[in-house]
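Reading through the structure tokens given below for one structure.
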Amino acid sequence: MNPLVFLFAGMTAAWLLVFVYLAHVARRTARLERQLDDALRMLDDRRTGSTAETVGDDG
Amino acid sequence: MRPGSRTVVALAALASIAVLVGLWFALIYAPTERIEGDVQRLLYVHVPAALAMYVAYTLLAFASLMYLMQRRARWDEVAVATAEVATLFATIVLTTGPVWARPVWGTWWTWDARLTSTLLLWLILAAYLMLRSYGDSPQAAARFGAVLALFGFLDLPIIHYSVRWWRTLHPDPKLMTEGGVGAGLAAEMLAALAVGIVAAMALLAALLALRLRAERLERGVRELRASVQRREDSVS
């Protein structure tokens, strides 16, 4: 078989591995960023809720 | 932009440029090898990937040692991130190697010392990652993982010196030879290999920064959730 076929196969495999890994980490990072935003929002809601409750109790 | 994003973007841009230049050197600038032909150009990916694997594994072993000594979460984050990136480079080495071996040696794989010890390192890394993802107790998994990583570090000198210690099909090192650095290569080939190594190191740095950022985000989410839970528990 032509050596160029092996060169092409080797190069393609190497860069495919890098791109698949990059896509995996990028997707994971995006999911974590969403989860972090949700958790921050939840914490904020709880804080606002408890403040409102305290004010309500006083009033 | 979130904290840490700027560093990742800058490193990714640098790595992209370095990789493109590296590819140009490997596929166009470097001359065709007389005996092996064009398939020898895989050297410019295979050897830099192997060096990146050594560097990443050394970082993993160092972070593991520091974690065992100091028990700081930061070292464990570095260890997990480097283990994944080291696995990627080890996989590239174990993929490009057989593809290069087939036309040159006439076989995809042979159980010689260099190939077997590299496969052993890959298996140790796979075991490390499985241990970290299935461990019920994160602290215990971090501790056992660190011990496993340090044990695996013993395989690095075996991989490197295997071609000198045993008779193998794998050729002697092309870069660090007994005749000096790069004495076994023509000047243009050595230049292409040097650029390939710089590109692999830039890629390693970018991937590590990206993966480390994900690891820190994950820890942040976990801590924030625990904080919300604690707040809810204290309210009820």
Side-chain angles (χ1 to χ4, degrees), chain A, chain B residues 2 4-5 8 12 15 19 23 26-27 32-33 36-46 48-49 81 84-85 87-89 91-104 203 206-207 210-211 213-228 231-232 234-235:
Chain A
M1 210 187 286
N2 190 337
L4 272 176
V5 175
F6 289 100
L7 174 66
F8 178 76
M11 286 284 183
T12 307
W15 293 113
L16 204 64
L17 282 165
V18 172
F19 286 121
V20 167
Y21 180 68
L22 261 177
H24 163 74
V25 179
R27 222 175 45 214
R28 188 175 179 176
T29 306
R31 195 194 68 224
L32 285 166
E33 279 179 346
R34 266 198 317 274
Q35 286 179 355
L36 190 68
D37 287 340
D38 290 347
L40 279 172
R41 207 173 304 121
M42 205 190 294
L43 197 67
D44 219 31
D45 288 350
R46 295 280 190 283
R47 205 172 287 153
T48 322
S50 62
T51 316
E53 271 173 31
T54 318
V55 171
D57 287 347
D58 286 349
Chain B
R2 283 176 195 272
S5 299
V8 173
V19 160
L23 278 174
L27 298 174
T32 306
E33 214 264 347
E36 294 182 16
D38 278 321
V39 75
Q40 183 268 352
R41 291 176 195 276
L42 282 174
L43 170 92
Y44 311 115
V45 174
H46 183 75
E84 239 182 65
V85 178
T87 310
L88 171 73
F89 282 108
T91 311
I92 292 174
V93 172
L94 287 171
T95 310
T96 51
V99 174
W100 186 6
R102 183 68 184 87
V104 178
L203 188 62
L207 289 173
L210 188 69
R211 183 59 188 85
R213 192 166 164 271
E215 193 58 33
R216 287 188 177 147
L217 270 173
E218 194 158 350
R219 208 171 282 262
V221 170
R222 229 174 16 240
E223 282 169 6
L224 214 53
R225 278 183 179 158
S227 159
V228 171
R231 194 173 278 265
E232 276 181 358
S234 68
V235 168

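If you're wondering where the values come from, they're calculated on a predicted model, not measured in any experiment. Chain letters run A, B, ... following the sequence lines, proteins first, then strands; residues in each count from 1.
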Atom pair [atom1]/[atom2] of [X] and [Y] - distance to nearest 0.5 Å:
X: B:L217; Y: A:R34; atom1: CG; atom2: CZ; result: 12.0 Å
X: A:Y21; Y: B:R211; atom1: OH; atom2: CZ; result: 5.5 Å
X: B:L23; Y: A:M11; atom1: CG; atom2: CE; result: 6.0 Å
X: A:L17; Y: B:L88; atom1: CG; atom2: CG; result: 6.5 Å

(message) For chain A, which candidate among B:V221, B:L27, B:L203, B:V19 shows the most heavy-atom pairs at distances under 4.5 Å?
(response)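 When all of B:V221, B:L27, B:L203, B:V19 are compared, B:V221 has the most.
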(request) Flag the one option from B:T96, B:V39, B:V85 with the top tally of heavy-atom pairs under 4.5 Å to chain A. (result)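 Ranked by contacts with chain A, first place is B:V39.
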(message) Report which part of A:F6 has an atom under 4.5 Å of a heavy atom belonging to chain B: side chain, backbone, both, or neither.
(response) both
(request) Please state whether the side chain, the backbone, both or neither of A:V18 comes within less than 4.5 Å of a heavy atom of chain B. (result) both
(message) Would you say CZ of A:R31 has more than 12 non-hydrogen atoms from neighbouring residues, nucleotides or ligands within 6.0 angstrom?
(response) yes
(message) To check you understand the geometry: which heavy-atom pair defines the closest contact between B:G220 and A:L36, and what is its length?
(response) C-CD1, 4.0 Å
(message) How close do B:V45 and A:A14 get, counting heavy atoms only, and between which atoms?
(response)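 Closest heavy-atom pair between B:V45 and A:A14: CG1-CB, 3.9 Å.
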(message) If I measure from the heavy atoms of chain A, does B:L207 come under 4.5 Å with its side chain, its backbone, both, or neither?
(response)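 Contact with chain A is through the side chain of B:L207 alone.
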(request) Sort B:T95 into side chain, backbone, both or neither according to what part of it lies under 4.5 angstrom from a heavy atom of chain A. (result)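 Contact with chain A: side chain only.
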(message) Among A:L32, A:V25, A:T29, exactly one meets side-chain contact (heavy atoms from CB on, under 4.5 Å) together with B:R213. Which residue is that?
(response) A:T29
(request) With sequence neighbours excluded, tell me which residues meet side chain to side chain donor-acceptor pair (under 3.5 Å) with B:R102. (result)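 For B:R102, no residue satisfies side chain to side chain donor-acceptor pair (under 3.5 Å) once neighbours in sequence are set aside.
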(message) B:T32: which residues meet the side chain to side chain donor-acceptor pair (under 3.5 Å) condition with it, sequence neighbours left out?
(response)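 Side chain to side chain donor-acceptor pair (under 3.5 Å) list for B:T32, sorted by chain: B:D38, B:R41.
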